[in-house]
Structures are given as structure tokens and as C-alpha cells.
Amino acid sequence: MRPSPISATVDFEANGVQHGFLRLPYSRDDSAWGSVMIPVTVVKNGEGPTALLTGGNHGDEYEGPIALFDLARKLDASDVEGRVIIVPAMNYPAFQAQTRTSPIDKGNMNRSFPGRPDGTVTEKIADYFQRVLLPLADIVLDFHSGGKTLDFLPFCAAHILPDKAQEAKAFDFVRAFGAPYSMKMLEIDAVGMYDTAAEEMGKIFITTELGGGGSATARTASVAKRGVANVLRHAGILKGEIEAEPTKWLDMPSEDCFAFAEDGGLVEFLIDLGGAVDRGAAIALIYPIGRTGVEPIEVRAKMDGVLVARHNPGLIKSGDCCAVLGVEVQI
Ligand SMILES: [Zn+2]
């Protein structure tokens, strides 16, 4: 396979703090020999594990970029034993445009792995993570939130994996992150995900869903900042005690967790995030908006659970994810 067209202006093997860019040539109307400049920080001090920290995999999710731009400016090499690679906005064109996918090629970074060195801009970024950055990492933390069209209870998550030792280590990191909720996460479609790429390489991979609605709150931003520091402490890269609040563990036992809208309209949620619902009960009503005098359609729970994610904003389309339920479990 041809080499990546991306070149880093930082040296991943050098000790100290370096702020630079992953530079991806991108010739276009407003810049003939131009580039996409993806900010990156590397902090290295001697030998030790490598943490790869990413936000902005989806461009309209903000807790990760807030925590990582903040960490990148504060971290001293003398604080670190090992290496920290920080990319606050992985799909940088999407982040600049405040959209989930890239405005250049409509690429969804988390459906683009393993990527291609001769593909679209998004595929070229994915390929660089696949073949250059992931192999450097021992622990990978990828921040997500709901973006403009979902809102989540704040949780850190890992996946059930075939390798039980790898899975147990990942859940130890989830516990260390110390979010208000911790999740055993089920994906709707794991093909092409960064998560899957990292896990198949044998890396410890954890992710988050920390809120949503196209912005971050003071609470969710502070959960993100505290969580990333805790992860680095648990990895032995930073010194100090883990500062976690008690977490509630959630499981997504089956596809029955997901409730999709079959009709479009005005959505009224009957429970809020964290609220409980019984199997068969209505989670939300969808009012047809074309005329008055029409009964709303009920979106019903297919299992007992608590509401962990909901559609955002107020109108919904057929096929949209309306609600996600989880089950509280004792770990
Ligand atoms: Zn996301």
C-alpha cells in the first residue's frame, strides 16, 4: 500500500512538548496547493505507555475537543511518564464546519476505517490513524457526545470483546474515567468504526457519550476533563490519585434498546434522560404536524430500562433514532 499523504510536523519519538499539525495536502478552488491542518500535541518523557486521545471524530460533539484543547496547553513533559498524543479534532474539516460529517466529502470518520491513502480526505485521515497513530498506542480514548441530533446521559463505555483479558482492561479504564454512568456498549453497526479498528489491533479502547444537542454544558465538560486525567493516571502516565464520583453501570443487552421513529413529526418525550420506563409503555409521542385533530403516534419501549439517549431537537423524521434504553446493572 502507498504511504499516507499526511505528514506530521511533530516527532512522535522526541521527548518534550510539541504542538504541531498533521498536514494533509488538499488541492481546491481557494487554495491550489493547500492543506488540511489537523492540530496535534505530543508530550513525551522517557519510557512508558502511550495514550492516544481523540475528540472531534464527529465534528459537532464538543466535550472531547474542550477537554483535549485544555489538556494540550497544560500538560508538562515533567508530569508525564511515557507519551500522550492529543488530537482534539480528528475530523478537522467537520469540526470547523460544526457538522457530524466532513463538508468536503460527507465522510463520517467513524464509518471510514480502515481508510485509504488514495481515498477521500476523510478516508486519508482514517488511514493515517489506522497505520501510523494506532500502532503507537497502548490505550486509546475517543470522546463522543450526541451531536446535534442526539442527547445522552454522560457515560464512559467499552465494548464486549472476544478477548476477555482485553475487555477486562478496557472496563478497568472505564471505571477509572469516573463518569456519572458507565456503559457496556452495543453498536448498531460496528463496521468501519475507529473503535473496531483499535480493538482488532489489540489496543485498550474506551469511548464516551457525554451529552449532546450540539454543545457542551459546564457539567459535561468537567466530566470530560476529569475523566481524561483519570485515564492517564490509571495508565501510569500521570501521577496522582484518581478522582472519580460513584458511577452507575448500564448495559445494552440487545437490539431492543433502540427505538426508531417510523413517522415524522413533533416529538414529545414522556420521560427525561435517566428516567425509567416499563416494557410496552410509551417513551415519546410523535404528533403529525400537517394538520390538527390527529392523534399522536406512540413510541413504545421494547424492554424495561432507563432512557440513556434521546432524539434532539424538537422535530423528528421517519428512521431517526428516537430513544435508546439501557439497563442498570451491578458490577
Ligand atoms: Zn460521535
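Ligands are counted one by one from 1 in listed order, and the atoms in each one are counted from 1 as well. Since the model is a prediction, treat every value here as computed from it, not as a measurement.
The name of the N, O or S atom in H58 nearest to the Zn ion (ligand 1) is ND1. Looking at H144 and the Zn ion (ligand 1) together, the shortest N, O or S contact belongs to ND1.
Contact detail for I316 and D263: the closest heavy-atom pair is CG2-O, 4.1 Å. Closest approach of C322 to A284, counting heavy atoms only: SG-CB, 4.2 Å.
Rounding to the nearest 0.5 Å gives a distance of 13.0 Å between CD1 of I204 and CG of L141. Between atom CD of residue E63 and atom OG of residue S222 there is a gap of 10.0 Å, rounded to the nearest 0.5 Å.
Metal site remark for the Zn ion (ligand 1): E61 contributes an N, O or S atom at a distance under 2.8 Å.
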